[in-house]
Amino acid sequence: MVVIDKDVERAARPVPPARRRRRRTPVTWVRGGGLSSLVFLLPLIVLFALFSWWPVLKSLVLSFQQTNFIGPAEWVGWNNFERVLADPLLGTAAWNTTWFTILAVVIGYPVPVIAAVFIAELRKARGFAAGLAYIPTIIPPVVSVLLWKTFYRPDESGVFNTILGWVGLGPYPWLQSPGAAMPSMVVQACWAGFGAATIIYLASLMSIQSELYEAAEVDGASIWRRIWHVTLPQMRGIMLIMLLLQLIGTFQVFTEPFIMTNGGPENRTVTILMLIYRYAFLASDYGKATALSLMLALALCLLSGIYLWATRKWSTT
Amino acid sequence: MAKPLFRRTAVAALTTALVAALAACGTSSSDDDPASGGGGDTPDSDAPVTISINDLPPTEEPERRQSMLDKIERFEEANPHITIEATEYRWAADTFPAMLAGGTEPTVTALPFTEVQGLAARGQAAEISEQLEGAGFLEDLNPGLMEVVTAPDGGIYGVPYAAYTAGLIYNRALFEQAGLDPDDPPKTWDDIRAAARTIQEKTGVPGLISMTTENVGGWTLTAMSAAFGGLMEEVDGETATASFDSEPTKQALEFLRALRWEDDTMGANFLINWEDSRNEFGAGRAGMMIAGADAYTDLVETRGLPPEAFGVAPLPQDDDAVGALSGGSVDLISARATPEQIDAALTWIQFNRFAKYYDEQTALDNVDGAAKDGRPVGTIELPIVSQELYDQYLGWIEELINVPRENAEYYLTTIQEIPLVSEPPVKGQELYAALDPVVQAVLTREDADIDALLAEAEDNVNALIQAG
């Protein structure tokens, strides 16, 4: 194997003729198409500013104010944050959200990876299998949650209880039980989210060069060794990104507890986002709602930062 | 070179202008917004004024809609200086704040009793005591209901126009099926328990279901507690203290516990919101439930309950009972309304809601559209005016009444004797929210410690009240 020193290689390249550097002035910028690029970008910038950045900025301001939307808003300093921190339900909601995230990662994270690897190994009907895996993603979230709510019906009429009844088990209370409510919800969330993740992993798998597998096969590697030594290292980058996206997504869980249990039983499924919703729409306390939103956003930024720092060494990029 | 550049720029500029124009469509001009309510001193009673109202029936109900539009026309003829802008907007807890924020809330919004105190406390409703005094119909309003719209500071923040009490809603068909007499509804809590057991045994349907989530668990417990003799808040002047860690609330919870764990007559689902309870009851999957006595329209029209299956009775009043929790609807006037608009709004409210009690033709016009659309006429409600005026009104519209009022005879003949109890005035929704998990605990855990749960919830609510 010949090792080429990069500096040596660079030095060996022919030197391009020295170019006269043109000074960039507003005129050259316009002539170079800068103005038209900007004008083309403007609709997007206006839309983003109006519907994305402005509301973000507005809620930042709102978190330091007390307003009834009628008279002028009153600046209250850190009062909204203090009241959020004093809410006895905040600790419960934070723990519930963390518990949901932990369960979602443990139950939901490996499933799409495994599914993608198996689908990739298929010689026939790979597209069909991928399509099947993707079906749950096509169902609108609210519909899928309502569907599972009926599956989880606590009496004998529930789908799961009916099936378990055939083998003499149950009926189980599922969502009605303080202990089982959250895991039941996580299973639904994983089912709903696993299709999209599988497709992304599958795309990443397809881009792995087949020579690597061929070489491994020539070396006598079994399927498990091929997965361990070729597939997983090649997918490392996408897997790390997906884990981060999943963490951010699950910390913002709302639809499932809102529709399935409304935070019950006994606040066991109240999440941070549900608390924000309650502050805003049940108590009309927008100061508190935006303060907690901001706290969640900061916590997620911090989490993402720590995650990226911790995984920098493992990442392929 | 210059030409394509110009063309590209022009296309982009046009797109931008279009987007900006579209965006501008969504925002209303705020120039004509009277930013601060009650600005002027003496309202000019003849100056042209425009007010907006909500609850215009949608086009799916053409007769009711036309009847409302005709009513507005008659009103505008009689009051040429007032223009009414009717909107189809129906009040909802999650859309109203957006309207407030955008300054687009109607001048007069019809909304439930439950919301009035919160809106008043936040300064989102106009204080109308003075104008109401001069409007000439305050003396006819049921004084027990005025408490609902009176804030702890004494100010009046709306006009109640329809009322009911929390009651025991029961399925008459299931009662018959279980061998119970539907014309003799349960009159004590023990009767309810026995009826629940019989219904469960004979029909296999849960005897009694109870709402537990989205704050209605707390509302139901508040209604039950009042029937056992408890008030959820003690109000002293403008300060309030949560006081539900008391014997009556414990009795109410013990009652639920007995039905759930000793009799097993409450079904298997204990995470029930308002919608779920109505769906279950409408589908005939519950013998009884504690809900607003006005449930007829929703259950029959929306959930498919046969009209003759609807039964309602007052909640049994214990010896120490403080009364029946009231519910209903209020016309609320926007805090942005000018004095002229408040006067015009009150004139409209009087015409829209109260004229029917004084004039036969108005009474008939008022229900004509609903009758033609096949919607309920003569629903079970609590009179908001004197019994005499109300009976006269019922006499006028007798021919058009299509609700089997005879099935609610016991409720209608006894409810007048029971004093009305208003909802907790300070942080009412937060109080209900704190009680939801208490009810859920009693129904999902056999070993739930009622004393500890109530004590903790009460501390939490008092902390919220103190935090402001």
Side-chain angles (χ1 to χ4, degrees), chain A residues 30-31 33 35-47 50-51 66-72 79 82-83 86-89 92 149 153-158 161 171 173 175-178 181 258 260-270 277-278 280-286 288, chain B residues 1 5-6 8-13 15-16 18-20 23 35-37 93-94 96-103 118-119 122-124 212-215 217 267-271 273 334-336 427 429-430 432-434 436-438 440-441 443-445 448 453 456 459-460 463-464 467-468:
Chain A
V30 171
R31 288 217 174 120
L35 185 63
S36 59
S37 309
L38 184 70
V39 176
F40 266 106
L41 266 177
L42 258 181
L44 202 67
I45 292 174
V46 169
L47 284 176
L50 212 60
F51 296 111
Q66 190 80 52
T67 178
N68 62 0
F69 296 130
I70 305 271
N79 180 269
E82 283 164 14
R83 287 189 304 131
D87 186 343
L89 213 51
T92 312
K149 195 179 171 184
R153 268 187 85 98
D155 49 24
E156 290 84 356
S157 67
N161 281 339
L175 300 168
Q176 316 279 320
S177 146
F258 182 68
M260 278 191 174
T261 59
N262 204 265
E266 290 184 72
N267 293 328
R268 290 297 184 91
T269 54
V270 171
Y277 175 86
R278 286 182 180 184
F281 296 113
L282 292 182
S284 282
D285 196 335
Y286 286 82
K288 249 170 111 176
Chain B
M1 182 75 190
L5 176 70
F6 169 75
R8 271 185 305 175
T9 313
V11 169
T15 319
T16 311
L18 200 68
V19 168
S36 56
D94 49 359
F96 194 60
M99 298 194 96
L100 284 173
L119 287 161
R122 292 188 294 272
Q124 292 167 328
T212 58
T213 64
E214 291 178 19
N215 295 9
N269 187 2
F270 305 109
L271 294 176
N273 63 16
S334 163
R336 286 191 180 89
K427 300 263 174 194
Q429 293 300 328
E430 287 88 336
Y432 291 157
D436 274 357
V438 176
Q440 289 165 13
L443 296 179
T444 55
R445 271 196 296 123
L453 285 163
E456 192 191 340
D459 285 349
N460 290 346
L464 278 173

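Proteins get letters first, then strands, A, B, ... in listed order; numbering begins at 1 in each.
- With rounding to the nearest 0.5 Å, the separation of OG1 in A/Thr67 from CZ in B/Arg122 is 11.0 Å.
- Of the listed residues (A/Ala181, A/Ser177, A/Gly264), the greatest number of heavy-atom pairs within a distance under 4.5 Å of chain B belongs to A/Gly264.
- Contacts of A/Arg153 with chain B are made by side-chain atoms alone, with heavy-atom separations under 4.5 Å and no backbone atom involved.
- Side chain of A/Gln176 to backbone of B/Phe270: a donor-acceptor contact under 3.5 angstrom is found.
- Nearest heavy-atom pair, A/Asn68 versus B/Gln124, reported as atom, atom and distance to 0.1 Å: O-NE2, 3.1 Å.
- At a 4.5 Å heavy-atom cutoff, the contact between A/Ala283 and chain B is made by backbone and side-chain atoms alike.
- With chain A as partner, the option from B/Glu430, B/Arg445, B/Glu456 having the largest number of non-hydrogen pairs under 4.5 angstrom is B/Arg445.
- Note that the NZ atom of A/Lys149 and the CG atom of B/Leu271 stand 8.0 Å from one another [nearest 0.5 Å].
- Panel note: side chain B/Asp94, backbone A/Phe281; no donor-acceptor pair is recorded below 3.5 Å.
- Residue contact with chain B, scored on non-hydrogen atoms closer than 4.5 Å, is absent for A/Pro173.
- The side-chain hydrogen bond (donor to acceptor under 3.5 Å, both in side chains) search around A/Thr269 returns A/Thr261, not counting sequence neighbours.
- The residue among B/Asp459, B/Asn269, B/Thr212, B/Asn273 with the most heavy atom pairs within less than 4.5 Å of chain A is B/Asn269.
- Neither the backbone nor the side chain of B/Ala463 comes within contact range of chain A, judged by heavy atoms closer than 4.5 Å.
- Pairing each heavy atom of B/Pro97 with each of A/Ser284, the nearest pair is CG-OG, 4.3 Å.
- Contacts between B/Gln429 and chain A at a heavy-atom distance below 4.5 Å involve the side chain alone, from C-beta outward.
- Looking at B/Leu443, neither its backbone nor its side chain comes within 4.5 Å of chain A, counting heavy atoms on both sides.
- Between atom CG of residue A/Leu175 and atom OG1 of residue B/Thr444 there is a gap of 12.0 Å, rounded to the nearest 0.5 Å.
- Between the side chain of B/Gln440 and the main chain of A/Glu266, a donor-acceptor pair closer than 3.5 Å is present.
- For B/Asn460, there are no side-chain hydrogen bond (donor to acceptor under 3.5 Å, both in side chains) partners at least two apart in sequence or on another chain.
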